[in-house]
Amino acid sequence: MSSFQIAQNGNKLDIHVILGNWRYVKIVVNDDLSVDMKVPVGMKQEMIDRYLEVNKEKIFREYEMKKNRNHQSLPSILELENGRLIYRNGQYLPHLGNMDLRLRIRHVPEGEETKVYLDQGEGGEKILTIRTDNTNQDFIRYCIMRYYKKKAAAIVKHYVKDFSEKLGLSYRNVHITNLSTGSRFELPRFGYSNLAVRDQRTLWGRCTRKHTLKFDWKLAMLPIEVIQYIIIHELTHVKKMNHSSAFWTEVEKIMPEYNECRRWLDRHGKEYEIF
């Protein structure tokens, strides 16, 4: 195995070349952030150099994404009770893959309306403020869930619009003619009213037979590319209600790096059950 080095904007990466019976060249960024380049036996040196030069920007981008994902897991030490996080004033919550949303709980006189809103602190810090006369943990959790539901719904609507177009899920009326009676039936079509954000408990997303897409409220806690993968996954089920090779081919067309997001969910997904 030989090694090469590529550079971009003052940054350098070592590339370890592995020869094998591969059909194509493939770059793999490993969990330890080492980078392998799988090369077919017999590939000439100038072709290897050319491939690295042409794909240099892509390799650095995938390296940075992997580096970020490695750090986008929850802290190992959190205060729990019966498997649930205990919410305290001043603690930080996950927000789009980063632990940078500070919780601020403000007690107000009894009978005053509860308010939940996003505030901004000094230096641009994001603060989730809950003003309430009820400091019961279940109620605080409900308030936090209400904020994340709203945030997740906005994210889902945005990406569903984008990715549905890329997957060819357009608003079309397809009719089937019954030869014996001549009656016509309109096939179910995908529409934005078919979206729901709720407490899925053990599932991040689900596509029903009627093409209703359901997503978990904790979606907005995850890294953005993992959110994108979950949405693409469920949208693809509108076309193929299985996990066949054809299904994954459709997913890969929109997100070539989807396997990285799958592995991230396998490693860290269950951590979010504490919320």
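Numbers for residues simply follow the sequence, beginning at 1. Computed from a prediction, not measured in an experiment: that's the story for all the values here.
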Short side-chain to backbone donor-acceptor contact, Ser34 and Asn30, under 3.5 Å: no
For a 4.5 angstrom cut-off between non-hydrogen side-chain atoms, does Val197 reach Leu219? no
Using the ring of each side chain (for Trp, its six-membered ring), is Tyr87 parallel, tilted or perpendicular to Phe275, with breaks at 30° and 60°? tilted
Taking Lys218's backbone N and O only, do any of them form a donor-acceptor pair with Asp216's side chain (distance below 3.5 Å, no angle check)? yes
From Leu101 CG over to Glu125 CD, what is the distance, rounded to the nearest 0.5 angstrom? 9.0 Å
Quick check: does any side chain N or O of Glu260 sit under 3.5 Å from a backbone N or O of Glu257, one acting as donor and the other as acceptor? no
Would you say the side-chain atoms of Asn242 pair up with the backbone N or O of Ser244, donor to acceptor, closer than 3.5 Å? yes
Mind checking the CD1-NZ spacing from Ile27 to Lys56? Nearest 0.5 Å is all I need. 13.5 Å
Is the ring pair Phe247/His233 parallel, tilted or perpendicular, if the boundaries are 30 and 60 degrees? perpendicular
Does any part of the side chain of Ile254, heavy atoms only, come nearer than 4.5 Å to the side chain of Thr236, both counted from C-beta? no
If we ignore hydrogens and angles and just use 3.5 Å, is the side chain of Asn89 paired with the main-chain N or O of Ile105 as donor and acceptor? yes
Should we count CZ of Arg104 as having more than 12 external heavy atoms under 6.0 Å? yes
For Lys239, does the NZ atom have more than 12 heavy-atom neighbours from other residues, nucleotides or ligands under 6.0 Å away? yes
Is a side-chain donor-acceptor pair under 3.5 Å present for His237 with His211? no
Answer yes or no: does atom CD of Gln45 have more than 12 heavy-atom neighbours from other residues, nucleotides or ligands under 6.0 Å? yes
